[in-house]
Structures are given as C-alpha cells and as structure tokens.
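See structure below.
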Amino acid sequence: MKSQIQQLLTDALDRLRAEGLPVPVATLPTIERTRDPTHGDFATNLALVLAKAAGSKPRQLAERLVAALPASTLMDRVEIAGPGFVNFFLAPAAYRAVIPEVLTAGQGYGRSNLGQGRRVQVEFVSANPTGPLHVGHGRGAAYGAVVADLLAAVGYAVHREYYVNDAGRQMDILATSVWLRYLELCGEDIPFPSNGYKGDYVWDIAATLHREHGDAYRAESPEVFAGLPADLDPETGTGDKEAHIDGLIAAAKRLLGDNRYRYVFELGLNTILDDIRDDLSQFGVVYDEWYSERSLTEKGAVNRAIERLREAGQLYERDGALWFRSSAFGDEKDRVVVRENGQTTYFASDIAYHMDKLERGFERVIDIWGADHHGYIPRVKAALQALGDDPSRLDVLLVQFAILYRGGEKVQMSTRSGEFVTLRELRKEVGRDAARFFYVMRRCEQHLDFDLDLAKSQSADNPVYYVQYAHARVASVLRQAADKGLAIDPTAGMTNLERLVEDHEIGLLKTLARYPELVEAAALNEEPHLLTHYLRELANDFHTYYNAHQFLVPDEGLRDARIKLILAARQVLSNGLGLLGVSAPESM
RNA sequence: GCGCCCGUAGCUCAGUCGGAUAGAGCAACGGCCUUCUAAGCCGUGGGUCGCAGGUUCGAGUCCUGCCGGGCGUGCCA
C-alpha cells in the first residue's frame with residue numbers, strides 16, 4: 001500500500017518536472033504512516049523538502065503536487081496541512097482489501113523477498129561449554145533466534161551458528177575440576193581450588209566417570225598437589241589462584257597421560273554441550289551449525305590467518321610474544337596473537353573464525369554478544385581490515401544484561417559461587433512462551449528488567465497472556481459458531497466486506513495492514529521489540545472490538561464479514577507470535 | 001583517565017530517514033459481566049524528553065560540552 005502511494009507521488013513529480021519545475025532527479029518520495037489519525041493514513045513531507053530547490057513556498061508546492069497526482073481508487077481524499085504536509089486519506093475499500101490478502105497468504109502474510117536470498121550468518125549465544133546456560137545467555141538466545149527468523153521472513157538465506165569454545169584454558173579448568181571431584185568420589189582428600197568450577201553439574205560429570213570407570217582415573221592426592229604454588233587464601237590474601245590452577249591442570253595432564261586426560265576433557269565438554277543443545281532446543285532455538293573452535297586449529301585456519309597478517313606486514317615480536325598491530329586499524333592498542341609460551345590466543349582463533357566466516361561466502365555476518373564484550377569489537381574489525389576484508393560485512397549486536405526481579409527484589413546472581421539462575425530454571429518457572437516474549441520486549445541495548453512475577457501472572461498486565469488470549473478468543477468464537485451450526489468458510493467470496501464500517505473494524509483493518517511493514521522494519525533494524533509492541537496493539541484492537549460488538553449476529557452478511565475480519569486477526573496474531581517463538585493457543 | 005551503551009509520566013518502556021498537539025503498559029482513582037472466555041473493555045489524572053549551547057522551515061531524534069548510571073579497558077576465554 002505504501003509503495004502504491006509512493007508510485008503516485010513519483011508520477012506526480014515526473015509531471016511537475018515535465019512542466020519545468022527544478023526537481024532533483026534522484027528524489028525518492030518518502031511516505032510515512034501518520035501518528036495522528038486526523039492527518040490521514042499516510043503523509044509526505046515532500047513539499048517541505050523540495051521547497052528550497054524548487055524556489056517555491058512549501059504550501060504552494062504542495063498544491064501543485066496534489067494537482068499533479070494521478071487519480072486513484074485507493075484514495076478517499078488528499079489534504080494539505082500545516083507547513084506543507086500532504087496527507088493521504090485512504091478509501092475504506094482499500095483497507096478492507098487486507099482481509100483477502102491475509103487469508104490467501106495465510107502463514108505467508110508478512111513475509112517478503114526483500115533479502116532476495118542473500119546469505120546472512122547469525123552467530124549467537126556461543127557460551128563457553130563450561131557450565132549450563134544462565135539467564136544472561138537466555139536473552140542472547142531469544143534475541144538471536146528472533147533476529148534470525150525475522151531476516152528469514154523477509155527473504156534472507158539465514159545460517160544460524162553457535163561457536164563452540166572447545167579449546168583453551170577454561171576448558172582445561174573444567175576438565176581438571178571434573179577430575180578433582182572424581183578423586184573426591186574415589187575417597188581422596190582434595191582441597192578444591194578457588195578458581196575451579198564449583199557447580200553441581202561438575203559433581204554429576206565426575207559421578208558418571210566414577211560410575212563407569214571406577215578407580216581407573218584415580219591418583220593420590222599428595223601426588224596431585226606436590227610442588228604446586230599455593231592457592232589464594234581468602235583470609236590472608238596470599239597465594240596465586242591462577243598459578244595454582246595452572247599447576248593442577250599440568251598435574252592432571254601428567255598423571256593421567258594424554259589419552260585419559262583427553263577422555264575426561266571430552267566427557268566434560270560433551271556432557272555440557274549436550275545439555276546446552278537440549279536446553280536451547282526446548283527453548284525453541286535451533287542452529288544450522290555448531291562450529292568448533294578446535295577445528296579451526298586442526299584445519300590450519302589459525303596458522304593461515306596469522307600468516308596472512310604476517311604477509312600484510314601487521315605482525316611484530318615483542319617480549320617474546322607475537323603481536324598484531326591492531327592500533328593501526330582503530331583499536332586502542334596492539335594485541336597478542338601468539339603468547340610467549342608459543343600458544344595462540346583466543347583472539348587468534350577469533351581472527352581465523354571471522355576470516356573463515358567471510359570465506360564461506362556470507363554477504364553479511366552478524367555476531368550477537370553480551371555487552372560486556374563490547375571492547376572486543378574494534379580488534380576483530382581491525383583484523384578483518386588488516387586481512388584485506390571489508391569490516392562492514394560484520395555487524396556486532398550487543399545485548400545488555402537481564403536483571404531478574406522477584407517480589408520487587410533483584411534476584412542475586414553470582415557465577416563465582418556457582419549460584420546462578422540457569423535458563424532451564426527460568427523456563428521451568430515462567431514457561432517458554434513468557435521467557436521468549438519477555439526477553440525480546442526491549443531494545444537489545446536497553447537493560448532488561450525481567451519481572452518473574454509478572455511473567456507468571458495470568459492477567460492483562462502480562463503482555464504474553466494478553467496477546468495469546470486474543471488468539472484464543474478468536475478460536476473460541478469460531479468454536480461457538482460451529483456449535484451453533486453457523487457456516488464458516490474463509491475461502492468463500494469476500495462479498496460482504498463492505499459491511500465493515502464501524503470504527504473498531506476500520507481500526508483493526510488498519511493495524512492488520514501495517515503488519516508487513518512492521519516485520520520489515522523489525523528485521524532490517526534487528527529490533528524484535530517492535531513486534532512485541534505491535535502484537536500488543538493488535539491484541540488491544542481485537543479485545544476492544546470484541547467488547548464493543550457481537551460477532552455472531554443474526555444478520556448473515558454482517559456475521560460473515562466480521563468472522564472474516566477476526567480470522568484475519570487470528571492469522572496475523574499467529575504469524576507474529578510464531579516469529580517470536582511463542583505459541584498461539586486455541587484456548588486458555 | 002580513555003572507550004561503548006543508557007538517561008522520556010511515580011515505575012517499566014515505545015517514539016519510523018529530523019516532522020504536525022510527545023505515546024503505551026503498570027501503579028492510582030471511577031465505571032462495565034442474564035449477551036461470542038472479565039486472562040477482557042471504557043473513562044480520569046499524571047511530562048523542564050538529564051542540563052547547557054549549536055545545526056534548520058522544524059530537534060525527544062543530529063553535533064559539541066557537562067551531569068548521572070551501567071559495562072569494558074589481560075600474553076583469560
């Protein structure tokens with residue numbers, strides 16, 4: 001509808017230009033939906049924008065513009081208002097046309113081919129497999145999933161990916177933590193390291209190891225701790241927790257040998273990864289690919305990335321380490337890619353990973369990170385630029401923290417003690433639908449206050465229930481109609497739609513017509529919250545209509561028209577909820 | 001110190017490429033159930049858009065400075 005009006009305006013401009021008005025050729029008329037209904041349905045500020053170039057007063061120009069507009073059945077009337085706005089009032093028939101449009105398109109209503117199949121990768125969550133996902137990861141999961149689905153809905157070929165950090169020191173700490181717990185289960189006396197992973201899940205993995213392999217992985221405690229630097233003593237502040245845990249990792253590798261160490265490591269990794277996969281899939285979040293960090297090293301991508309940087313002359317040695325000159329590309333300082341001990345850094349893997357992403361041919365790559373990683377953006381972009389790639393192909397979207405509230409109080413979380421609220425616990429408490437909806441209700445760069453009590457409440461205060469209830473209500477009306485033996489045939493001719501004349505009906509029609517534009521905006525700006533707000537509005541339009549008018553009236557023609565309208569509403573509610581990963585219940 | 005994000009009604013937040021009289025929900029107050037689910041609807045009150053400049057036909061929106069809050073600033077991942 002918007003584009004049709006745009007075409008009318010373009011035609012008008014062409015005509016004015018032919019009359020000799022100096023209008024820049026590149027001018028593309030901008031059309032906006034009005035905020036105020038007294039300004040019509042759509043408006044353009046074209047006359048204001050062109051006034052200077054045309055050497056004419058805005059209002060005079062607006063009048064010439066209106067006079068030049070081709071006749072159209074879409075339009076009820078066109079008015080000039082304020083300093084020179086041109087307001088378009090659509091004919092009611094133009095709005096009613098949305099009903100057949102929705103009902104024929106069905107689930108496809110709101111989908112488009114803007115992206116024309118261009119390939120986009122969305123990488124999200126990518127939490128280290130050192131423990132279960134917590135509520136912070138949940139927001140990234142919900143946000144990423146909806147962004148991906150929105151892009152797919154507007155015609156992009158979306159590849160959803162989880163980057164698995166299955167290499168590196170954190171994973172060694174996990175493997176060692178599992179082993180130490182296992183030794184405790186074997187009856188060894190183990191002072192657990194302050195820097196180890198203390199969660200219950202570590203015990204669970206250790207118990208599996210003990211159950212399946214008995215004492216086969218056992219070592220004696222004194223042997224394990226022999227010659228280690230002291231752990232941090234929280235009382236006195238003496239000791240070094242980093243040196244202590246590194247010593248323990250070395251002891252584990254030495255005492256277990258390569259094969260047995262690898263086994264414990266893999267057991268920990270796979271157990272947790274399976275848990276994360278399961279958790280996400282129950283959350284309705286699925287991936288096309290789980291991409292292993294280790295595989296980057298194994299196939300030589302990390303070395304290749306380093307070589308490419310070296311060839312580009314962007315590496316140098318200092319203090320025994322190999323540095324990337326990222327400060328030459330906008331980063332605040334240079335970064336190490338190979339440590340003094342010869343090991344490549346996490347950053348080196350990440351350079352290789354992003355190089356690999358672009359090599360895989362994605363036109364656009366979207367990373368969704370927790371906001372605490374924002375300082376990381378310049379160095380990754382710097383690396384891409386140094387490699388000769390185009391850094392603008394990478395967009396990093398930062399998701400701020402989610403803070404849980406229960407009974408008006410902030411829920412305390414601390415990863416240090418292993419006491420955190422997991423995504424699984426959250427889902428169990430408020431349910432998948434409420435969690436998915438609440439997580440994307442705010443712009444991603446806005447801190448999210450997640451009210452657990454509200455998410456659980458079954459009332460109008462709760463936006464999820466409010467929207468779902470609208471859907472269930474339509475279904476309920478249709479059941480009533482069936483019980484009364486009234487025919488419902490959505491594919492029957494749209495002969496009675498002109499009976500829809502009430503304000504509530506026109507309002508609902510207008511909201512339904514807006515949906516495709518809304519999906520487009522939400523997708524292109526990566527803003528799922530627009531969709532949650534829209535659905536609330538749509539539900540409100542429906543509930544208001546429901547309260548003001550009876551649908552199942554004796555007048556057959558009117559009844560038929562109203563049922564078609566609410567069928568269309570149900571379809572759009574269902575489509576929108578579907579994009580959010582929230583169910584659309586038939587009854588509540 | 002430097003960098004990124006945020007600051008709009010009592011609370012939580014929308015606000016389209018800069019557009020017309022700044023919106024919604026909650027909370028508060030007052031109404032509506034012999035009628036398709038009251039998990040709903042209607043109404044009332046509530047604002048120095050953090051502050052000060054600038055850009056222009058027009059600024060909550062763009063620019064600069066300041067104030068306040070969050071996060072970051074590893075040869076960790």
Side-chain angles (χ1 to χ4, degrees), chain A residues 28 30 32-36 38-39 43-45 48-49 51-52 57-58 81-85 87 127-128 130 165 167-171 173 242 293 318-323 331-333 335-341 343-347 349-350 370-378 398 400-401 403 405 408 441-449 451 454 457-466 468-470 472-481 483-484 517-518 521 525 527 529-530 532-533 536-537 539-540 542-553 562-563 566 587-588:
Chain A
L28 190 72
T30 58
E32 282 187 332
R33 289 221 176 240
T34 57
R35 294 179 187 179
D36 183 341
T38 64
H39 297 142
T44 181
N45 62 353
L48 293 165
V49 175
K52 208 169 250 179
K57 285 184 179 169
F85 292 103
N87 295 334
N128 285 349
T130 53
N165 299 125
R169 183 162 171 265
Q170 296 304 324
M171 287 308 301
I173 294 177
E242 304 292 347
E293 176 187 357
R318 198 214 310 161
D319 304 331
L322 192 61
W323 296 71
D331 196 9
E332 58 185 28
K333 54 180 265 196
R335 309 287 172 180
V336 171
V337 287
V338 182
R339 289 193 282 256
E340 198 178 357
N341 64 11
Q343 290 186 333
T344 55
T345 57
Y346 173 82
F347 178 46
S349 296
D350 234 8
D372 52 338
H373 287 71
H374 68 79
Y376 210 75
I377 300 173
L398 298 173
Q400 296 286 337
F401 294 129
I403 303 159
Y405 286 84
M441 253 180 355
R442 305 282 172 244
R443 288 201 336 266
C444 68
E445 59 265 34
Q446 187 78 243
H447 288 270
L448 176 71
D449 288 330
D451 186 334
L454 179 60
S457 82
Q458 305 199 346
S459 72
D461 318 353
N462 185 343
V464 192
Y465 281 87
Y466 185 83
Q468 288 182 318
Y469 182 44
R473 256 186 164 172
V474 178
S476 172
V477 172
L478 298 176
R479 280 194 298 273
Q480 293 281 336
D483 288 351
K484 293 179 184 175
E517 292 161 38
L518 189 283
N525 300 313
E527 292 186 332
H529 75 278
L530 296 178
T532 66
H533 284 275
R536 217 207 163 276
E537 246 177 88
N540 182 45
F542 172 77
H543 287 308
T544 303
Y545 180 36
Y546 179 97
N547 271 270
H549 299 282
Q550 191 80 10
F551 305 149
L552 303 178
V553 290
R562 287 185 170 168
I563 286 179
I566 64 170
S587 69
M588 291 173 74

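Numbered from 1 within each chain, the chains take letters A, B, ... in sequence-line order. Hydrogens, waters and symmetry mates are skipped; everything else that's a heavy atom, side chains included, is used.
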Any-strand Watson-Crick or G-U partner of C62(B), both distances under 3.5 Å: G54(B)
Under 5.5 Å between ring centres and under 30° between planes: does that hold for F85(A) against the base of A20(B)? yes
Is there a side-chain polar atom (N or O) of Y466(A) under 4.0 Å from OP1 or OP2 of C41(B)? yes
Students often get this wrong, so: under 4.0 angstrom with heavy atoms, is N87(A) touching a base, only sugar-phosphate, or nothing? base
Rounded to the nearest Å, what distance is computed from the CG atom of residue D331(A) to the C1' atom of nucleotide G72(B)? 13 Å
So what does A43(A) touch, heavy atoms closer than 4.0 Å: a base, only the sugar-phosphate, or nothing? base
Nearest-Å distance for atom pair NE2/P, residues H374(A) and C5(B): 9 Å
Given that both distances must come in under 3.5 Å, which nucleotide forms a Watson-Crick or G-U wobble pair with C49(B)? none
Counting Watson-Crick and G-U wobble pairs only, both distances under 3.5 Å, name the nucleotide matched with A24(B), or none. U12(B)
Whole-Å distance, R339(A) CZ to C75(B) P, equals 10 Å
When you check the phosphate oxygens OP1 and OP2 of G74(B), does a side-chain N or O of R169(A) lie under 4.0 Å from one of them? no
Q170(A), nearest nucleotide to its side chain (from C6(B), A77(B), A38(B)): A77(B)
Any Q400(A) side-chain N or O less than 4.0 Å from OP1/OP2 of C4(B): no
Using both distances under 3.5 Å as the test, list the Watson-Crick or G-U wobble partner of G1(B), or none. U73(B)
Quick one, T345(A) and R339(A) - any side-chain contact, counting heavy atoms below 4.5 Å? yes
Distance-only, no hydrogens or angles: does the N87(A) side chain make a donor-acceptor pair with backbone N or O of A43(A) under 3.5 Å? no
Strictly by modelled atom types, are T130(A) and Q170(A) linked by a side-chain donor-acceptor pair under 3.5 Å? no
Can you identify which nucleotide, out of C13(B), C75(B), A39(B), has its nearest atom closest to the A321(A) side chain? C75(B)
Once you apply a heavy-atom cut-off of 4.0 Å, does A470(A) come out as touching a base, just sugar-phosphate, or nothing? nothing
Looking at every strand, decide which applies to S457(A) at a 4.0 Å heavy-atom threshold: base, sugar-phosphate, or nothing. nothing
Answer for the Watson-Crick or wobble partner of G7(B), both distances under 3.5 Å, is C67(B)
Would you say the side chain of I563(A) lies within less than 4.5 Å of the side chain of L552(A), judging by non-hydrogen atoms? yes
From NE2 of H39(A) across to P of G23(B) the rounded distance in Å is 11 Å
Say you pick atom P in G50(B) and the same atom in C13(B); how far apart are they, in whole Å? 15 Å
If you compare every side-chain N and O of N165(A) against the phosphate oxygens of C76(B) (OP1, OP2), does one of them come in below 4.0 Å? no
Minimum-distance nucleotide (side-chain atoms of E332(A) versus A39(B), U73(B), G15(B)): U73(B)
Just to be sure I understand the rule, does Y376(A) reach a base, reach only the sugar-phosphate, or reach nothing, if contact means heavy atoms closer than 4.0 Å? base
Just call it for L530(A): base, sugar-phosphate, or nothing, with non-hydrogen atoms closer than 4.0 Å on any strand. sugar-phosphate
Contact under 4.0 Å: H533(A) side-chain N or O vs G15(B) OP1/OP2: no
Which listed nucleotide (G19(B), C75(B), C41(B)) is nearest to the side chain of D319(A)? C75(B)
Polar side-chain atom of R443(A) near backbone of H529(A) as donor-acceptor pair, under 3.5 Å: no
For H373(A), answer base if it contacts any base atom (sugar-phosphate contacts may also be present), sugar-phosphate if it contacts only those atoms, and nothing otherwise; contact means non-hydrogen atoms under 4.0 Å. base
Once you apply a heavy-atom cut-off of 4.0 Å, does N45(A) come out as touching a base, just sugar-phosphate, or nothing? base
To the nearest Å, how far apart are N547(A) CG and G43(B) P? 12 Å
Taking the side chain of L48(A) as its heavy atoms from C-beta onward, which of G19(B), C71(B), G7(B) lies nearest to it? G19(B)
Nearest-neighbour nucleotide for the S476(A) side chain, A39(B), C36(B), G19(B) considered: C36(B)
The residue, Q480(A) or N540(A), whose nearest nucleotide of RNA chain B is more 5′ is Q480(A)
Distance between the C1' atoms of G47(B) and C4(B), in whole angstroms? 29 Å
How is E340(A) classified with respect to the nucleic acid when contacts are heavy atoms under 4.0 Å: base, sugar-phosphate, or nothing? base
Is H447(A) stacked against the base of G70(B), taking the criterion as centroid distance under 5.5 angstrom and interplanar angle under 30°? no
Would you call the rings of Y346(A) and Y376(A) parallel, tilted or perpendicular, taking 30° and 60° as the class edges? tilted
Among the candidates C6(B), A77(B), G15(B), find the nucleotide nearest to the side-chain atoms of E445(A). C6(B)
From Y466(A) atom OH to R536(A) atom CZ, the distance as rounded to the nearest 0.5 Å: 4.5 Å
Can E242(A) and R169(A) be said to form a side-chain contact (heavy atoms from CB on, under 4.5 Å), step by step? CA-CA 11 Å; E242(A) 304 292 347; R169(A) 183 162 171 265; 2.4 Å; yes
C17(B) glycosidic torsion: syn (within 90° of 0) vs anti: syn
Pick one for C57(B): is it syn, with its angle within 90° of 0, or anti? anti
Checking contacts here: which listed nucleotide (C36(B), C4(B), A14(B)) is nearest the side-chain heavy atoms of L398(A)? C4(B)
Roughly how many Å is it from CZ in F347(A) to P in A77(B), rounded to a whole number? 12 Å
Given 3.5 Å as the limit, does a donor-acceptor pair link the side chain of N341(A) with the main chain of Q343(A), or not? yes
Tell me whether the OP1 or OP2 atom of G74(B) has a side-chain N or O from R335(A) closer than 4.0 Å. no
Integer-rounded Å distance: C42(B) C1' and H543(A) NE2: 15 Å
With P as the reference atom in both, quote the distance from C33(B) to A38(B) in angstrom, rounded to an integer. 12 Å
Given C36(B), A77(B), A20(B), the nucleotide with the shortest approach to the side chain of T345(A): A77(B)
Does a nitrogen or oxygen in the side chain of R443(A) sit under 4.0 Å from OP1 or OP2 of G15(B)? yes
Partner nucleotide, any strand, of G30(B) [Watson-Crick/G-U, under 3.5 Å]: C42(B)
Is there a side-chain polar atom (N or O) of Y405(A) under 4.0 Å from OP1 or OP2 of C11(B)? no
Establish, with yes or no, whether the OP1 or OP2 oxygen of A38(B) is under 4.0 angstrom from a side-chain nitrogen or oxygen of R473(A). yes
Nearest-angstrom distance from the residue atom CZ of R536(A) to P of A14(B): 15 Å
Within the pair T544(A) and C42(B), is there a side-chain N or O less than 4.0 Å away from OP1 or OP2? yes
Closest-nucleotide ordering on RNA chain B, the 5'-leading residue of E527(A) and N341(A): E527(A)
Select one nucleotide: of G19(B), G74(B), G72(B), the one nearest the side-chain heavy atoms of E32(A). G19(B)
Does NZ or CZ of R473(A) come closer than 6.0 Å to the centre of the six-membered ring of F542(A), within 45° of the ring's axis? no
